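Single-structure report; data block below.
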Amino acid sequence: QVQLVESGGGSVQSGGSLRLSCAASEYIYGDYDCVGWFRQAPGKEREGVALINRFTIPTYADSVKGRFTISQDNARNTLYLQMNSLQPEDTAMYYCAATGVPCHSAITFLVLNPSSGLWGQGTQVTVSS
């Protein structure tokens, strides 16, 4: 089974940037149609952040549009999330996920049905004011 490993998390000040990476153990689109990033802050529900499909069409949560950019390098089986203008409310554990659900649905569907996706272990992002 494909494995997903996130990296790149850390602590930054408000207004700073981070780049997250998600390395897949093999070509992700052999078994899945959509890959992306979710996050969960302490005491809050997990939420979809940014997803992308095999045609490189992105889907973003309204809260990150204009600040975050999702991209992928299929040659390296790696997914990225460039996060700019970070704010304290972006503080959360960030998870990489893959699913057969189309991205425009998966951004919410996967939150309610996590068993419909393959998940990584997560990487922590902390933004201080």
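In this text, all values refer to a predicted model and were calculated from it rather than measured experimentally. Nothing fancy with the numbering, it's 1 onward along the sequence.
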Exercise. Do the side-chain N and O atoms of Q13 and S128 include a donor-acceptor pair separated by under 3.5 angstrom?
Worked result: no

Exercise. Is it the case that S17 and N84 place a side-chain donor and acceptor less than 3.5 Å from each other?
Worked result: yes

Verify the cluster assignment for [X] and [Y]: are they in a single hydrophobic cluster under the rule of side-chain heavy atoms below 4.5 Å apart?
X	Y	result
Y32	Y27	yes
L4	I107	no
V101	L79	no

Do any N or O atoms from the side chain of [X] and from the backbone of [Y] form a donor-acceptor pair under 3.5 angstrom?
X	Y	result
S85	R67	no
N113	L110	no
T78	R76	yes
T123	S7	no
T91	T126	no

For this session: Evaluate the criterion side chain to side chain contact (heavy atoms under 4.5 Å, CB included) for residue pair N77 and I28; output intermediate values, then yes/no.
Result: CA-CA 7 Å; N77 296 328; I28 198 70; over 6 Å; no

How close do [X] and [Y] get, heavy atom to heavy atom, and via which atoms?
X	Y	value
V125	M83	CG2-CE, 3.8 Å
S14	P88	OG-CD, 4.0 Å
C103	N53	SG-N, 3.8 Å
S63	R39	OG-NH2, 3.6 Å
A50	I70	O-CD1, 3.4 Å
I52	Y29	O-OH, 3.5 Å

Exercise. Just how far is it from atom CG of L51 to atom OG of S105, taken to the nearest 0.5 Å?
Worked result: 10.5 Å

Problem set entry | Reported CH2-to-CG distance for the pair W37 and L81, which is rounded to 0.5 angstrom | 6.5 Å

For this session: Check the surroundings of atom CD in Q121: do more than 12 heavy atoms from other residues, nucleotides or ligands lie under 6.0 Å from it?
Result: no

For this session: Answer yes or no: are there more than 12 heavy-atom neighbours, outside Q3 itself, under 6.0 Å from its atom CD?
Result: no

For this session: Under the side chain to side chain contact (heavy atoms under 4.5 Å, CB included) rule, what do L118 and Q1 come out as? Steps first, then yes or no, please.
Result: CA-CA 9 Å; L118 174 71; Q1 186 180 14; 3.5 Å; yes

Seminar exercise, completed: Residues pairing under salt bridge (Lys or Arg N to Asp or Glu O under 4.0 Å) where one sits in residues 6-33, two or more places apart or in two chains, turn out to be D33-R54

Exercise. Tell me the ring-ring contact (aromatic ring centres under 6.0 Å, His included) pairs involving residues 66-123, sequence neighbours left out?
Worked result: F38-W119

